[in-house]
Structure formats: C-alpha cells, structure tokens
Engineer: 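Here it is, the structure, as structure tokens.
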Amino acid sequence: MPSYTVTVATGSQWFAGTDDYIYLSLLGSAGCSEKHLLDKPFYNDFERGAVDSYDVTVDEELGEIQLVKIEKRKYWLHDDWYLKYITLKTPHGDYIEFPCYRWITGDGEVVLRDGRAKLARDDQIHILKQHRRKELETRQKQYRWMEWSPGFPLSIDAKCHKDLPRDIQFDSEKGVDFVLNYSKAMENLFINRFMHMFQSSWNDFADFEKIFVKISNTISERVMNHWQEDLMFGYQFLNGCNPVLIRRCTELPEKFPVTTEMVECSLERQLSLEQEVQQGNIFIVDFELLDGIDANKTDPCTLQFLAAPICLLYKNLANKIVPIAIQLSQIPGDENPIFLPSDAKYDWLLAKIWVRSSDFHVHQTITHLLRTHLVSEVFGIAMYRQLPAVHPIFKLLVAHVRYTIAINTKAREQLICECGLFDKANATGGGGHVQMVQRAMKDLTYASLCFPEAIKARGMESKEDIPYYFYRDDGLLVWEAIRMFTAEVVGIYYESDQVVEEDPELQDFVNDVYVYGMRGRKSSGFPKSVKSREQLSEYLTVVIFTASAQHAAVNFGQLFLGMYPEEHFIEKPVKAAIARFRKNLEAIVSVIAERNKKKQLPYYYLSPDRIPNSVAI
C-alpha cells in the first residue's frame, strides 16, 4: 500500500505547542485518504519548535496531492497550536511543501495547498477553485472594515486586541515585549518621578537634562549638548524624526511678511531675501495644519497651548540649513511678531521651542500614526480580505503587515482613545489629535507615498544644492532596491500587462484600499485598479516602503528589511530574487556605514539593517 512521510513543524514562539489530538487527511486527484491520527508512542508530539515526522499509509493510490487537511481535537483542555508547515514525501520520492504559518484554535481545522504561488487563472481544478473561494469568504467575515472615527481611514472591526482573528494577534512573546518596551520608555523618561514637571511650568532649561538623563547614545547625547544651536535646529528638519515637512520656498507667503531688513544679518551672499528665494536658498516649514486645533482641556488644573508657526530657513555658504525667521501663528499682526536670530537669546530660543513642539505634534499624529501605521493597516486588511494565501502578492506582502493590525488596535485601545495616553501626555489630546488626522486626510495622496515624487514635490531632490539631506539620499537607495525586487517578483508571475489587468483578486485588493482606506476620495490619487506590471510594481513598492523604511525613518526601528523567516514562497526564481534583494540591501548598508564614519552625527535610520519589515516589529 502507498506510504507517505509527513513532516510537521511547530512554531517556536511561546505556547506554540499543543497536547491536543492532531489528525491528517490527504486529498488527491485520484482519491482521498482516511483521517490519520499523528501520534508516536511514548513521545510528546508537537512541542514548541519541534519538527516531527510520521509515516502515513493509505489504501490506494491518491494521485497528485492537491490539499492537506489538518484537524485538531481536544485532549484535555483546549490548547492552541501554531503550525509552521507540513512537508510531504510521496511514494514516488517527491517532496511537496505546504506552508501554513497559522494558529489552529479550539476544535479547529485548516486545509492547506502546496506552496507554489498561483493566480486565480492558474486554478482549473474545481476543488482548488472552491478552496480559494472559501478561504476568501471566511476571511471577509473575519476581517471587517469599521469607522473608528469620522474622517479616518477605515480600520479593523475590533474593539480590543482579543477581538482580533488569532492569526494577527500578538504572540504572547510579542505582547510581553510590547508591555516591557512601554514600561522601559516610562522608566527612561523618569515619567513617574517627573510627572509633576509636565503639569506645571518648568523652572529652567536644565530640566530638559533631567528628562534625558537615562538616555545614552551618540545621537541623543549630541542633541542634548547642542539642541539650542541654530545648526542643530535646522539639521533636525532634514534628518530628525520628522524630515518630511521642510520644502524649498519658491515664493514668500503673504501671511508671513518677512523682509530683507529683518533677516539681512543672517544672509551671507549679499543678496536680498527675494533674490535668495529665486536662487533656491530659502526653505520653509508651515504648521498650518495646527491652526485652530483644540488644545488639551482634559485636566482643568493644567492649561495647555498649541501654536501653528511658520519657520523660514536659509542655506548658508557652508550648505547648512539654519532658521532665520519664526512666526508663531498664521495671521500676521502686532500681537503675532516675527522672531529673529537677532532678538534676545531666550526670545529666539523660545520661538524655536514652540516650532519644535508643533513639529512633535505633527510627527506623532500625522507623519507616524496616520501616514505609516493607519495606512499600513489599510493595506493589511485589504490584503487579508481579497488575496488568498496562495496568491503571490499575499506571499510578498504578508511579512510587511505582520502585527500591524494588532499594534494599531492596541493604540486605539490604550493610546489615542478617550482617556488614553495621548489625553494624558499630549497638548493635542482630548480630541485635537483626532481633528488633526481628519484635516490631514486631504493631503494623504498616493503621490505623497511615492518617495521620489514626495521629495521632488517639496523641491528637495537636488543632492548638489542640499548635500546633507541623508533621509532623502538613503531613502532613494532603499526605494530603488525595493522597486527592483517587486518588479522582479511581478515579472515572475505576470508575463504581461494583460495578466495584471485580468487578475480579479488583485484588482479587488487595490479597489478595497481605495474605497475603504481612502474613503473613495478621487483627490487621493489612489488607483481603483492597476493596469500594468510597472504600475503594480510601483504600488507594491509603496506598500512595502511605507510599512518598513518610511516607518523606520520616523520611528527608529531595529529589525531587518529583506528577511523573510516565514517561507511563504517555495519557488526557486522567487528565492533567487529575495537573495538578490538582500544583496542590494547589504550594499546600501555598506554605503551608509562608510558615509557615517566621517560624521559626528551619523544618520542610520534608513540603513536596511535597522529597518523593520513592518510598522509593528
């Protein structure tokens, strides 16, 4: 009788193993096997991290194995099990891989296809078409869209983390890590000891040093020592945690009536301010988004304030960017003076502090929360709803949305909710942060997520004119490496533009993002469909870059882009493409490391060896 060798790999994360009964059935082109209990005498099967093998004998030839069915039944208490993969050795000596990478809960079951990526058009057999359809039907019931707040991108329909599908919840290990990191951050900032400092006026600038006393690394130490200097202030707009706001000034706005006479002591080329603008030496950061946003009033004993400043910056003869004028609100007038470097030391310093405070609020709520976390969640939900696990684009993207929905659900549960951390610690808490996201949605466009286009739209593309914009330089290298990789993967599975256009699952995925994520706004520029391989490659680059590199640049991540520990792809051409992708990323790491050797203040946030695959890793 035909005999198969079944190898079963259990996950290595905490509590991945099980003591439950595990049954296996094989479904082939010529017949189906009986249900077989996978069990070895006097052996503890399916332990955490284990790889167990079993011989399964069937009554008759099954033909080509199309599906493997795994069932879990209770032994004593319900015991969740994380199944990584199954490998099948056939009676003819062939090996077939069945990736899973899923939790099986309760008296649950999972039906697996072999690991070859397939488009819908590739499935001609009824049982495979049916499996594909059922998987999406099930997922669409589990992954439902919900409006958390009016005007926001839609998010997952879950009130708290435990309501999420088990496969996208934090593992126990990751959940503990989340709590420990939060606690460590509070400890580092001495929040408990210095909470009174946030609820009353600070006495002097030395209080800042008390906050930073436990944070020790090259960047934080240099910033702490030089934060009052104009050079550091300008540098942070280029290479700090929010390097996406500064733009070249092509015309001085009427609402910011700066004159040559005001700033002539800062201009080094013996030109008027208008001439400096014409030569491209003037830059501007406008926090108009914050104008009229309600300041936090959740604590009646603490008055909090918000500014909506405009900051003018100048490229000096050393090609360094320095501030030359600051106006703290949007409407000019006697009660809204323009502050200058020639003013009294602390007047100018306080004006810069107000700008940095506004930068913090936009960074946290828009650059970080909206434009990386919430956008990546949209991509993730749409992926789970519209792409089956066998689809090549699912296999490509799944690592880049890992834990994204979970961490965002935690944020809605603990951070940005009513009485959450934002309400307790931010001047935009109590609803201001919600107003900001609602306003910023009009500027959330597809083009603004395409890194090269976004840089060019702000007039910041010239390396010759702006030589110290490392965020741009490194970001372009990483963007191009990702684009080349996605183009290669797309080329493997889509031999023509027509195949792209006729892929119904892909088109449903893209449409879901547009309709639900972008709320069907034509002005967003998000495509409703993709019509060519080149367009698909760009779209996938946007998804991966946003979740990995862009998030790392504004959140200082520390895991590895290009590492795919879950082997959803089994085909040699794709594995070769991944290997080339890693090699290209390693080359970028070397380029950045060599440059940083010469820098007192190194920039490494976009070095691929520090970029996490997703916003939550």
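This is a predicted model, so every value here is computed, not measured. In this chain, residues are counted from 1 in sequence order.
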Engineer: More than 12 foreign heavy atoms under 6.0 Å from CD of Glu534: is that the case here?
Structural biologist: no
Engineer: Answer yes or no: is there a donor N or O on one side and an acceptor on the other, between the side chain of Gln507 and the main chain of Val530, under 3.5 Å?
Structural biologist: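 The answer is yes, because a donor-acceptor pair under 3.5 Å joins these two groups.
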Engineer: Please check if the number of heavy atoms outside Gln498 that lie under 6.0 Å from its CD is greater than 12.
Structural biologist: no
Engineer: Above 12 or not: heavy atoms from other molecules or residues under 6.0 Å from CD of Glu418?
Structural biologist: no
Engineer: Quick check: does any side chain N or O of His400 sit under 3.5 Å from a backbone N or O of Val543, one acting as donor and the other as acceptor?
Structural biologist: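 Not a single qualifying donor-acceptor pair exists.
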Engineer: Can you tell me if OH on Tyr95 sees more than 12 non-hydrogen neighbours from other groups inside 6.0 Å?
Structural biologist: no
Engineer: Near Lys583 NZ, under 6.0 Å, is it more than 12 heavy atoms from other residues, nucleotides or ligands?
Structural biologist: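 Not buried by this count: 12 neighbours or fewer within 6.0 Å.
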Engineer: Check the side chains of Asp167 and Tyr101 for a donor-acceptor pair under 3.5 angstrom, ignoring hydrogens and angles.
Structural biologist: no
Engineer: Between Lys35 and Glu109, does any side-chain N to carboxylate O distance fall below 4.0 Å?
Structural biologist: no
Engineer: Aromatic rings Phe451 and Phe545: how do their planes relate, parallel, tilted or perpendicular, breaks at 30° and 60°?
Structural biologist: tilted
Engineer: Below 4.0 angstrom, N of the basic side chain to O of the carboxylate: do Glu413 and Lys162 qualify?
Structural biologist: no
Engineer: Is the backbone of Arg402 close enough, under 3.5 Å, to the side chain of Ser614 for a donor and an acceptor to pair up by distance?
Structural biologist: yes
Engineer: Mind checking whether Tyr82 and Arg48 have side chains closer than 4.5 Å, heavy atoms only?
Structural biologist: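 Answer no - side chains too far apart.
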Engineer: Listed by chain and number, what are the side chain to side chain contact (heavy atoms under 4.5 Å, CB included) partners of Ala382, not counting sequence neighbours?
Structural biologist: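 Per chain and number, Ala382 pairs via side chain to side chain contact (heavy atoms under 4.5 Å, CB included) with Trp145, Phe509, Asp512, Val513.
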Engineer: Please answer whether the main-chain N or O of Val542 pairs with a side-chain N or O of Thr546 as donor and acceptor at a distance below 3.5 Å.
Structural biologist: yes
Engineer: Starting at CZ of Arg412, measure out to SG of Cys417 and round the result to the nearest 0.5 Å.
Structural biologist: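 So the gap between those two atoms works out to 11.0 Å.
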Engineer: I'd like to know if the side chain of Glu586 reaches the main chain of Asp609, judged simply by a donor and an acceptor atom lying under 3.5 Å from each other, with no hydrogens or angles considered.
Structural biologist: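 Pair absent, no side-chain N/O of Glu586 close to backbone of Asp609.
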Engineer: Closer than 3.5 angstrom, by distance alone: can the side chain of Glu571 be matched with the main-chain N or O of Arg116 as a donor-acceptor pair?
Structural biologist: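 Between the backbone of Arg116 and the side chain of Glu571 there is no qualifying donor-acceptor contact (under 3.5 Å).
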Engineer: Under 6.0 Å from the ring centre and within 45 degrees of the ring axis: does the NZ or CZ of Lys40 meet both conditions for the six-membered ring of Tyr54?
Structural biologist: yes
Engineer: Quick one: does any side-chain atom of His391 pair with a main-chain N or O of Glu505 as donor and acceptor, under 3.5 Å?
Structural biologist: no
Engineer: Closer than 3.5 angstrom, by distance alone: can the side chain of Arg121 be matched with the main-chain N or O of Glu502 as a donor-acceptor pair?
Structural biologist: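 Not at all, since once roles are kept as given, no pair shorter than 3.5 Å links the two residues.
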Engineer: Does Lys575 have more than 12 heavy atoms from other residues, nucleotides or ligands lying within 6.0 Å of its NZ?
Structural biologist: yes
Engineer: Do Asp80 and Thr18 have side-chain heavy atoms sitting under 4.5 Å apart?
Structural biologist: no
Engineer: Ile86 and side chain to side chain contact (heavy atoms under 4.5 Å, CB included): which partner among Leu38, Val68, Ile96?
Structural biologist: Val68
Engineer: Looking only at atom types and distance, does a side-chain atom of His433 sit under 3.5 Å from a main-chain N or O of Phe422, one as donor and one as acceptor?
Structural biologist: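 Checking the backbone N and O of Phe422 against the side chain of His433, no donor-acceptor pair under 3.5 Å is found.
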Engineer: With distance as the sole criterion, is a donor-acceptor pair present between the side chains of Tyr43 and Asp52 under 3.5 Å?
Structural biologist: yes
Engineer: State whether the number of non-hydrogen atoms from other residues, nucleotides or ligands found under 6.0 Å of Gln438 atom CD is greater than 12.
Structural biologist: yes
